[in-house]
Amino acid sequence: MRGERQPRRWDHSSILSWLREENEERLVELWEVADTKRQKCVGNEIHLRGLIEISNSCRRSCLYCGIRAPRTDLPRYRMSASEILACVDEAHSRGYGTVVLQSGEDPGITADWLAGLIQSIKRKTPLAVTLSLGERSYEELARWREAGADRYLLRFETSDQSLYAAIHPGPQGAPSHPEDRLAILAQLRELGYEVGSGVLIGIPGQSYASLANDVLLFHELDLDMVGVGPYIAHPDTPLGQGLGAVPRIDDQVPGTELMTHKVLALTRLACPEANIPATTALATVGADRGQLLGLGRGANVVMPCLTPQQYHGHYEIYPGKAEATSGEEWHHSLLAHLHTMGRPPGRGQGPRSHTAQPVS
Ligand code: SAH
């Protein structure tokens, strides 16, 4: 296993001690090691991925998520192909190299319809297409790959079995396991997708030890993309209301900006070549400053949101998200910040780097 080549300082106990570290001077060491690794393995470019939230319809009941099926008060939408293509044009004209089509787990997004849309995007632009549509069948994933989709994002959310079962019920309340999502990640790999996964940070019931396991699993899965972000309580969800049979633990991880930065840095060390976004959830808890700091602590990707105004507010997976990373003005201020940081926007599709040396 690749893990055996890891030096001792990146084993479970050292990850754990970094996660628990509160001394700012000592943490500077972690930031510097991660930033140096980032520069060496993926360079200075920041890849911009245009996020289009194509539907907020969802058949699942994840206890943490604001667009879960049981929420009857939330207006549901599914964008039309022409609305999505207009957003794709906007991504292209802003110079982004990738569009990310994200949604709830929406059976109304059919295999044929989406395959046609992917083909249209590929015909009219040179953009990479990333999908993030939840747990879909092998046949659907194969059809979309054939149509030209390049990448797929599916977070395993937590590697802790009992926590996963508590927060992520299967269809019709059936039990579910992290292995369900891990099996799909293996299928995606087999189909030739670039594979992305990740976790929530600070979900109720998440211990420091289980978060350290998550980082080790990123390495074991040899992920091409890793998205990590703080859990943000949504008042209209069971977890946001303090409900749900989550395990009671003494060492609860906080869903803070600082904890997210620690996980970003450790993720860079676990997966040196991966594309790692400074996520919208990080921008929500830490504002622009927290997100930009993340780019100096391991991250190399930003995902500006292109969802049209009339839908964006309804893709409310957590509160406060709407304002975080969208709009023309925010786009221009991002470019100005990147310029000041000496981190140019990436050119082209920005696939996973394969220039890195093995972890040493
Ligand atoms: N339906 C797709 C996309 C979900 S949204 C899927 O399940 O993969 C993308 C990510 O948002 C999820 O993977 C989850 O990690 C994150 N998310 C959901 N609810 C959240 C919350 N309350 N706080 C922070 N992140 C959340």
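All values below come from the heavy atoms of this structure, side chains included, with hydrogens, waters and symmetry mates left out. Counting convention: from 1, in listed order, for ligands and their atoms alike.
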**Message:** Please state which option from Ile232, Ile67, Leu131 has its nearest heavy atom closest to atom 21 (C) of ligand 1.
**Reply:** Ile232
**Asked** Distance from Tyr311 atom OH to Glu53 atom CD, nearest 0.5 Å?
**Response** 12.5 Å
**Message:** Would you compute the distance between atom CH2 of Trp144 and atom CG of Leu117 and round it to the nearest 0.5 angstrom?
**Reply:** 11.0 Å
**Request:** With heavy atoms of Tyr318 as the reference, note each atom of ligand 1 found under 4.0 Å away.
**Result:** 20 (C), 21 (C), 22 (N), 23 (N), 24 (C), 25 (N), 26 (C)
**Item:** Nearest non-hydrogen protein atom, atom 13 (O) of ligand 1
**Value:** Glu157 OE2, 2.6 Å
**Prompt:** For atom 25 (N) of ligand 1, what is the nearest protein heavy atom, given as residue, atom name and distance?
**Reply:** Leu200 CD2, 3.2 Å
**Message:** Quick check with a 6.0 Å cut-off and a 45 degree axis cone: is Arg20 positioned over the face of Tyr208's six-membered ring?
**Reply:** yes
**Message:** Can you tell me if Arg181 contacts ligand 1 (heavy atom of the residue under 4.0 Å from the ligand)?
**Reply:** yes
**Request:** Look at atom 2 (C) of ligand 1 and find which of Gly255, Gly66, Pro319, Ser103 reaches it with the closest heavy atom.
**Result:** Ser103
**Message:** Any heavy atom of Tyr152 closer to ligand 1 than 4.0 angstrom?
**Reply:** no
**Prompt:** For ligand 1, which atoms, with element, lie under 4.0 Å from some heavy atom of Tyr315?
**Reply:** 5 (S)
**Prompt:** Counting only heavy atoms, which portion of Leu154 has something under 4.0 Å from ligand 1: side chain, backbone, both, or neither?
**Reply:** side chain
**Arg155: numbered ligand 1 atoms lying under 4.0 Å from its heavy atoms** = 13 (O), 14 (C), 15 (O), 16 (C)
**Asked** Is it the side chain, the backbone, both or neither of Cys58 that has a heavy atom closer than 4.0 Å to ligand 1?
**Response** neither
**Asked** Members other than Leu200 in its cluster, when Ile, Leu, Val, Met, Phe, Trp, Tyr link by side-chain heavy atoms under 4.5 Å?
**Response** Leu63, Tyr64, Leu163, Ile167, Ile203, Tyr231, Leu239, Val246
**Request:** Describe, in one word, how the ring planes of Tyr77 and His314 are oriented to each other, choosing from parallel (under 30°), tilted (30 to 60°) and perpendicular (over 60°).
**Result:** tilted
**Per-atom contacts of ligand 1 with Cys65, taking only distances under 4.0 Å to non-hydrogen atoms** = 19 (N)
**Item:** Those residues that, when tested against Gln102, pass side-chain contact (heavy atoms from CB on, under 4.5 Å) (two or more places apart)
**Value:** Leu51, Ser132, Tyr315
**Request:** Only heavy atoms count here, so choose which of Gly202, Ala281, Pro230 is nearest to atom 24 (C) of ligand 1.
**Result:** Pro230
**Heavy-atom neighbours of Glu24 CD exceed 12 at 6.0 Å** = no
